[in-house]
Amino acid sequence: MAKNVLIISGSPRKGGNSDLLCDQFLLGALDAGHKAEKIFLRDKEVGMCSGCNYCASHSGDCLRRDDMTEILGKMIAADVIVLASPVYFYSINAQMKALIDRCVARYTEISGKEFYYIVTAADTDKNNIKTTVDCFRAFTVLCLEGTKEKGVIYGLGVWKMGEVKTLPVYKQAYDMGRNC
C-alpha cells in the first residue's frame, strides 16, 4: 500500500551530504510507488518558538506567521517522516531544532508515524554521533505517541559537499526509501 512520505532536510547547503541522502531516499520512495515530498528547510521560513504559549489557548494555531503552519500540516498528514540533519558539534543543527521546537503547537497530532533519521558528519565513529540521533529520538519517541523508528542512515566521514555519493550509504538511502 502506498504511503505518504515526508522528508525534511535540515541541511543549510543545497546538495550537501545530508540533502543528497534525502534525495536518494525520496527517489527510492517514489520508485516504490509512494507519495513522497522533500521539504528543504533552507528554503522555508521557520522562526524559533518564543514560548509564548499562544498555541495552547488557540487550538494549536501559532502566533508566528511563517511556513511552519504548512510544514506541520504535512507532518500530521504523513505516514512516514524522515528527519535529516548534518551533525554540528554532535547535535542536530539549528534549522532542525527550530522545526522540532515549533511542533509544540500541535505535537499531539503527530502520532502513529514511522520515522527515519539521516545524519551526516565528518567524524567516522558512529558512537560519537549517538547524541545527534538521541536528539531525534527524544522528540519522536519521548514526545510523540505511537511512533516507530524504522531506520537510521549514517553518512560518516564526509566533509566536502558530495562526498557521500562515493559511499555505500548513498545506495542505502535509496534502498531504505524504496522499502519504507
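All values below come from the heavy atoms of this structure, side chains included, with hydrogens, waters and symmetry mates left out.
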Nearest 0.5 Å, please: how far is [atom2] in [Y] from [atom1] in [X]?
X      : Y      : atom1 : atom2 : value
Ser91  : Met96  : OG    : CE    : 11.5 Å
Phe25  : Ser9   : CZ    : OG    : 13.0 Å
Ile81  : Lys150 : CD1   : NZ    : 14.0 Å
Cys135 : Ile100 : SG    : CD1   : 7.5 Å
Thr132 : Tyr88  : OG1   : OH    : 11.5 Å
Thr140 : Lys113 : OG1   : NZ    : 13.0 Å

> side chain to side chain contact (heavy atoms under 4.5 Å, CB included) between Leu20 and Met161: does it pass, once the steps are laid out?
Replying inline: CA-CA 9 Å; Leu20 290 171; Met161 283 182 62; over 6 Å; no
So, the side chain of [X] versus the backbone of [Y]: is there a donor-acceptor pair under 3.5 Å, distance only?
X      : Y      : answer
Asn4   : Ala77  : yes
Thr166 : Glu163 : yes
Asn17  : Gly162 : yes
Ser111 : Gly146 : no
Gln172 : Pro168 : no

>> Count I, L, V, M, F, W, Y as connected when their side-chain heavy atoms are under 4.5 Å apart, and connections chain through other members. Are Val80 and Met176 then in the same cluster?
In response: yes
>> Is there a continuous path of hydrophobic side-chain contacts, each under 4.5 Å between heavy atoms, that joins Tyr116 to Val164?
In response: yes
Is it true that atom [atom1] of [X] has more than 12 heavy atoms of other residues, nucleotides or ligands lying nearer than 6.0 Å?
X      : atom1 : value
Phe139 : CZ    : yes
Glu149 : CD    : yes
Lys126 : NZ    : no

Do you know which two heavy atoms are closest between [X] and [Y], and how far apart they sit?
X      : Y      : answer
Asn93  : Gln95  : ND2-OE1, 3.1 Å
Tyr154 : Val169 : O-CG2, 3.3 Å
Cys180 : Ala29  : SG-CB, 4.4 Å
Leu6   : Ala78  : CB-CB, 3.9 Å
His34  : Met1   : CE1-O, 3.8 Å
Ile110 : Cys103 : CD1-SG, 4.0 Å

Could you check whether any side-chain heavy atom of [X] comes within less than 4.5 Å of a side-chain heavy atom of [Y], counting everything from C-beta outward?
X      : Y      : result
Met68  : Cys62  : no
Arg106 : Ile76  : yes
Tyr90  : Asn128 : yes
Asp123 : Val87  : no
Glu114 : Asp79  : no
Ser50  : Arg64  : yes
Asn127 : Lys130 : no
Leu83  : Ile92  : no

> Regarding Lys38 and the six-membered ring of Phe40, is the cationic atom NZ or CZ under 6.0 Å from the ring centre and inside 45° of its axis?
Replying inline: yes
>> Run Leu99 and Lys44 through side chain to side chain contact (heavy atoms under 4.5 Å, CB included) and show every step you take.
In response: CA-CA 10 Å; Leu99 174 115; Lys44 300 291 185 180; over 6 Å; no
> Would Val152 and Arg137 count as a side chain to side chain contact (heavy atoms under 4.5 Å, CB included) if you check the C-alpha gap in whole Å, the side-chain angles of each, and the deciding distance to 0.1 Å?
Replying inline: CA-CA 11 Å; Val152 181; Arg137 288 179 175 145; 4.0 Å; yes
>> In this structure, is the centre-to-centre distance between the rings of Phe115 and Phe136 below 6.0 Å?
In response: no
> Taking it one step at a time, do Lys74 and Ile39 satisfy side chain to side chain contact (heavy atoms under 4.5 Å, CB included)?
Replying inline: CA-CA 10 Å; Lys74 289 179 180 191; Ile39 293 174; 4.0 Å; yes
> Hey, are Asp19 and Arg42 close enough for a salt bridge, meaning a charged N less than 4.0 Å from a carboxylate O?
Replying inline: no
